[in-house]
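As the structure is a prediction and not an experimental result, all values here were calculated from the model.
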Amino acid sequence: WSFTADILVFFSVVFFFIYFNRTPTGKKFFFWIISNTPVASDLIKKVALVRFARTFGNLIGSGLGIIESLELSSKSIGNQNYSTAIEASIVSIKNGVPIYEEFGKYPKLFPKMLVSLISVGERTGSLQSVLSIFADFYEEEVDTNLKQLTAILEPALLLLMGLMVGAIAISIILPIYQLVG
């Protein structure tokens, strides 16, 4: 077993993960892992909600119909859970069920605040402005969460880098001491 074999194995593993990430199964697997980590899951949810609210509000404001706006929004979110929920809701919304009732069936995905705002927006005819306000609010929360995440990661990365530098220094100095001894 040599250094060349180590490099070959390393690059093979990296290539496998890159290739696996590009397959549908791999995308689902890595998304499942990321969405089940404690800090990242909340952040991913909020980013998806901001994308949905911003896209849906802008499409409605541009004069597009509700169904077409929902279809386009579900494709642009980039989160499979939200896309599936929105596409499942479209069938009932076509049959006359209000949007807020359909989204209320998914309490883990759509917070009560969004459902309530959509309800008010549907009744008053100001759905676009309500969604814009919601997107602005959640965008600020995403920024706050990202700042908190980087504040947590900075010391951890510094510690990791220190351990790596220490390990390299020991692996260089230890043979020299053994040679001298």
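- Of the inter-residue distances, the one linking Lys75 atom NZ with Leu70 atom CG reads 12.0 Å to the nearest 0.5 angstrom.
- Between Ile99 and Leu127 there is a side-chain heavy-atom pair separated by less than 4.5 Å.
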- Item | Candidate pair Lys45 and Leu49, rule side-chain contact (heavy atoms from CB on, under 4.5 Å), full reasoning | CA-CA 6 Å; Lys45 179 180 176 180; Leu49 285 170; 4.2 Å; yes
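- Within a 6.0 Å radius of CZ in Phe20, more than 12 heavy atoms belonging to other residues, nucleotides or ligands are found.
- There is a path of hydrophobic side-chain contacts, each under 4.5 Å, that joins Phe29 to Phe17.
- Atoms OG and CD1, on Ser41 and Ile33 in that order, are 14.0 Å from each other to the nearest 0.5 Å.
- Considering only heavy atoms from C-beta on, Asn21 stays 4.5 Å or farther from Phe16 through its side chain.
- By the rule that hydrophobic residues join a cluster once side-chain heavy atoms approach within less than 4.5 Å of another member, Phe10 and Ile7 end up as members of one cluster.
- Here the side chains of Glu68 and Leu59 are not in contact, with every heavy-atom distance at 4.5 Å or above.
- Residues Ser89 and Phe103 form a side-chain contact, since some pair of their non-hydrogen atoms from C-beta on lies under 4.5 Å apart.
- Looking at Val130 and Ile118, their side chains never come closer than 4.5 Å, going by heavy atoms from C-beta outward.
- Between Asn79 and Ile44, the closest side-chain pair of non-hydrogen atoms falls below 4.5 Å.
- If you chain together hydrophobic residues whose side chains sit under 4.5 Å apart, Val120 and Ile66 never meet in one group.
- Considering every non-hydrogen atom in both Arg51 and Ile77, the closest pair reads NH1-O, 2.8 Å.
- Taking every heavy atom of both residues into account, Ser83 and Ser74 meet most closely at OG-O, 2.6 Å.
- Placement of Met164 and Leu153 in two distinct hydrophobic clusters is found when ILVMFWY residues are connected by side-chain heavy-atom separations under 4.5 Å, directly or transitively.
- Distance check, rounded to the nearest 0.5 Å: OG1 of Thr144 to CG of Leu149 gives 12.5 Å.
- In summary, the aromatic rings of Phe15 and Phe11 are positioned with their centroids too far apart to meet the 6.0 Å limit.
- When all heavy atoms of Lys27 and Arg22 are compared, the pair lying nearest together is CE-O, 3.8 Å.
- A salt bridge does not link Lys147 to Asp143: none of the charged nitrogens lies less than 4.0 Å from a carboxylate oxygen.
- Residues Met113 and Phe137 have side chains in contact (heavy-atom distance under 4.5 Å, counting atoms from C-beta outward).
- Between the side chain of Ser116 and the backbone N or O of Lys112, at least one donor-acceptor pair lies under 3.5 Å.
- Residues Ser126 and Thr124 bring a donor and an acceptor atom of their side chains to less than 3.5 Å of each other.
- The pair Arg54-Glu139 counts as a salt bridge, with a side-chain nitrogen and a carboxylate oxygen less than 4.0 angstrom apart.
- Under the 6.0 Å cut-off for aromatic ring centres, Tyr82 and Tyr106 do not qualify, their centroids lying 6.0 Å or more apart.
- Grouping the Ile, Leu, Val, Met, Phe, Trp and Tyr side chains by contacts below 4.5 angstrom, directly or via other members, places Ile90 apart from Val97.
- Rounding to the nearest 0.5 Å gives a distance of 11.0 Å between OG of Ser73 and CD of Glu87.
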- Item | Residue pair Gln80, Trp32: steps toward the side-chain contact (heavy atoms from CB on, under 4.5 Å) verdict | CA-CA 10 Å; Gln80 189 64 38; Trp32 181 83; over 6 Å; no
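- Phe56 CZ to Leu64 CG: the interatomic distance, rounded to the nearest 0.5 Å, is 10.0 Å.
- In this structure, the separation between CG on Leu72 and OG1 on Thr55 is 9.0 Å, given to the nearest 0.5 Å.
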- Task: Given side-chain contact (heavy atoms from CB on, under 4.5 Å), test Leu117 with Ile133 step by step and report yes or no.
- Result: CA-CA 9 Å; Leu117 287 173; Ile133 291 168; 5.8 Å; no
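- Here the side chains of Leu131 and Leu114 are in contact, with some heavy-atom distance below 4.5 Å.
- The minimum heavy-atom distance linking Leu109 with Ala85 is given by the pair CD1-CB, 3.6 Å.
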